[in-house]
Amino acid sequence: MSEIDNSKDYAAVQQQVEQLRREIAEHDYRYYVLDRPSIADSEYDALFAELRRLEQSHPELITADSPTQRVAGSPQSELATLHHDSPMLSLDNAFEPGDLDDFDRRIRELSGAEQIAYTGEPKLDGISLSLTYVDGQLVRAGTRGDGRAGEDVTANVRTIGSVPLRLRGSGYPARFEVRGEVVIRKADFEALNEQRWQAGERPFANPRNAAAGSLRQLDPRITAKRPLTLFVFGVGEPRATGALSHWQVLQWLSKWGFRVSEPLRSLSGVEECHRFHQQLIEQRDELEFEIDGAVFKVDDLATRDELGFTARAPRWAIAFKLPAREATTTVRQIVPSVGRTGKITPLARLEPVDIGGVTVSRASLHNADELARKDVREGDTVMVRRAGDVIPEITDVVLDKRPGEAQPWRFEERVRACPQCGAEVVRLAGEAAHRCVGGLSCPAQLEGAVQHFASRRALDIDGLGEKIIEQLVAKGLVRDVADLFYLRHEQLAGLERMGDKSADNLLNALARARRSSLDRFIYALGIMHVGEVTAQRLAAAASTLCQEIAPADSADDSRGASVLLRQYLGLPEQSHITSEALLRIMAAPVEELEQLEDIGPVVAQSIVRFFAEEHNRGVIERLCAAGVSWPEPRQPGGSAGEAGGEQAPLSGKSIVLTGSLQGMTRSEAKAAIERQGGKVTGSVSRRTDYVVAGEDAGSKLSKARELGITVLDEGEFTQLCSKDC
DNA sequence: AAACCTCGAGCTCT
DNA sequence: CTCGAGGTTT
């Protein structure tokens, strides 16, 4: 083939191949090293495809440093051993500030200098690598191993985008060794684990393990798919480069096409080192890569030579550890715990360990699947990670140390009922979590349940906020939502931030909330998957339900249906649950509920389970006994609007009062508006219907004008109110 | 007067 | 989730 090409064309092809390689290498550099791509992926792909095509028709033009040759070679049966040219030593560690000061003092004494110039780099948590370049070409790469010899991972390292196959620029030694750390982004690590979990493979415990595992693949094609990055931090024999300082070495490495560890600082004296360390601790969570320390190196290479080495580490560098995030310990026990939403989470009680200054004695196992996947057992030795501020997590089980008698902990077998309230535990289709259906009465869920119950769209109990609920629950004054209606003034007035006035207000709000509507009541119960709309549907359709048990025409004497339903539900005759509509909903079987619009099997199940729960029925009973009631809905189709519907001029309107009114107090005005079916709100927004402006109206008036909302003066307002009064 | 609580609104992300 | 307003408690 190439023989028949005439030489001019051939030279052109050769040139084009070279050109493409240069371009692709440049884009690789921009993308992987600078993190600043300058062309779209599709354009890059096109260049790559073109090069591939040319190389396919001219195989003799292929060179080892061609970008197409990153993934080359076939799977191996084992990784060969590789001896390092100069040993890869480890670093001495500093664990507390004093260690760093000692280090600095030693260096000042040995070198005789007043103040030392250091470089500060992060100690990336990955695996160390040595790369050998000959005449600017990557010839081999090996892991650190024991420092003298590691594993030959050249084929794998070639697949890493941030590793230059051919160096950029010039001025590099004919043969030299570059050192760096191969890491994986935290986000990529999560994604990789997710993928492995989907594929049924064992997830990696941490980004370092993921990087190590990826690099030690026998098949480079697998490594190529892993999002690895190389950060370099030095060279084997720095003096061979001709540099005078470490800083210079790093700059040159950067110029030659490497990505240098970031963040990087030039520091004068030990104080700045401390500050850098502190900064790293603060930035830690925001960094893309996991780090486990700060590395400080004497910058001046001549000083370094004077300092020399101890048996195992250079005297001119130190790694100042960041607070640990991982530790191993043993699992004492696994227990289910109930969260505020009713979610039941398996929790491992651990032999307490110190992880970076915090004692950890428990770790979440998230849910039954996660537990099964990790197969954590009581007695296991586990690796625990505390990332950021989140709850510690068990990342790995050390199988070698598993006691012989350890048994898998099977969620379904162990958690038959809610450990807090004894209610039924369900797992809804498609959900990872198991939940307690004891909603209204489960202590673990109480605060949340009360908050929902009192919320505006539910029973709208004004003045019952987070802090008050917290206290009521903590003092045992409220054990379920029904208790709210039995609260007395003297019980309330003693609470923090709850004086006479607030107590009165709350009691008034409770009194008002007793008269509600069926749909709000249903919604307030907080049945899983029953929101406002579903609650409305249930309320509207109530009278059609349970016709078999209690036919509508038995309503000759209107007691008839209720009696039948109560019997069916097994309620006592003197039960306070008198609403026929509610009884029909409570007694409705799954099949009937499923007939309703927007209610499928999941929601229907959830409703039936809720009302089947003894605790929940008890709470409903007591709510009704406390006088919580509503107008019975009529016929299926016919609904709401009764007396007051249209006449009330402010019905459903939202009104803001601002400034002071002459003829009435603020609260009189509020009461007047409420009598007319309106609602007084605090701030002006698009959803405000009227703003009533009194004397000295302020910012709210201007905002109302801005939004084009009707502004009423006092005269207009009283007129509006008096219309029907 | 200052501190604190609740509520409503609007924003962002899911 | 954050903010500001309004109202209450300390």
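Chain naming here is simple, since letters A, B, ... match the order of the sequence lines and numbering starts at 1 in each. Computed from a predicted structure; not experimentally measured.
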Might you work through the side-chain contact (heavy atoms from CB on, under 4.5 Å) test for A:His434 and A:Val415, ending with a clear yes or no? CA-CA 9 Å; A:His434 287 72; A:Val415 187; over 6 Å; no
Return all side-chain donor-acceptor pairs below 3.5 angstrom for residues 186-195 of chain A, not counting sequence neighbours, or 'none' if the list is empty.
unit_1, atom_1, unit_2, atom_2, d
A:Lys186, NZ, A:Arg284, O, 3.0
A:Lys186, NZ, A:Leu287, O, 2.9
A:Asp188, OD2, A:Arg185, NE, 3.2
A:Asn193, OD1, A:Phe204, N, 2.8
A:Asn193, ND2, A:Phe204, O, 2.9
A:Glu194, OE2, A:Gln198, NE2, 2.7

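- Remark: C1' of B:dC5 and CD of A:Gln471 are 11 Å apart, rounded to the nearest angstrom.
- Put simply, the residue from A:Leu446, A:Leu487, A:Asp483 that forms a side-chain contact (heavy atoms from CB on, under 4.5 Å) with A:Leu472 is A:Leu487.
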Assess the residue pair A:Leu365 and A:Glu370 against the criterion (side-chain contact (heavy atoms from CB on, under 4.5 Å)); give the C-alpha distance rounded to whole Å, side-chain angles, the decisive distance to 0.1 Å, and a yes or no. CA-CA 6 Å; A:Leu365 289 157; A:Glu370 186 76 8; 5.5 Å; no
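- Using a 4.0 Å heavy-atom distance criterion, A:Ile461 is classed as a sugar-phosphate-only contact.
- Here the P atom of nucleotide B:dT6 and the CD atom of A:Glu466 are 7 Å apart, to the nearest Å.
- At whole-Å resolution of the value, CD1 in A:Ile469 and P in B:dT6 are 8 Å apart.
- Between A:Arg385 and A:Glu326 there is no salt bridge, since no side-chain N of the basic residue sits under 4.0 Å from a carboxylate O of the acidic one.
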Check: protein-nucleotides 8-10 of chain C nitrogen or oxygen pairs below 3.5 Å:
unit_1, atom_1, unit_2, atom_2, d
C:dT8, OP1, A:Asn505, ND2, 3.4
C:dT8, O3', A:Ser502, OG, 2.7
C:dT9, OP1, A:Gly499, N, 3.1
C:dT9, OP1, A:Gly499, O, 3.3
C:dT9, OP1, A:Lys501, N, 3.3
C:dT9, OP1, A:Ser502, N, 2.7
C:dT9, OP1, A:Ser502, OG, 3.0
C:dT9, O2, A:Arg497, NH2, 3.0

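- Taking the six-membered ring for Trp and the full ring otherwise, A:Tyr31 and A:Tyr44 have centroids separated by 6.0 Å or more.
- Rounded to whole angstrom, the span from the CD atom of A:Glu447 across to the P atom of B:dT6 amounts to 12 Å.
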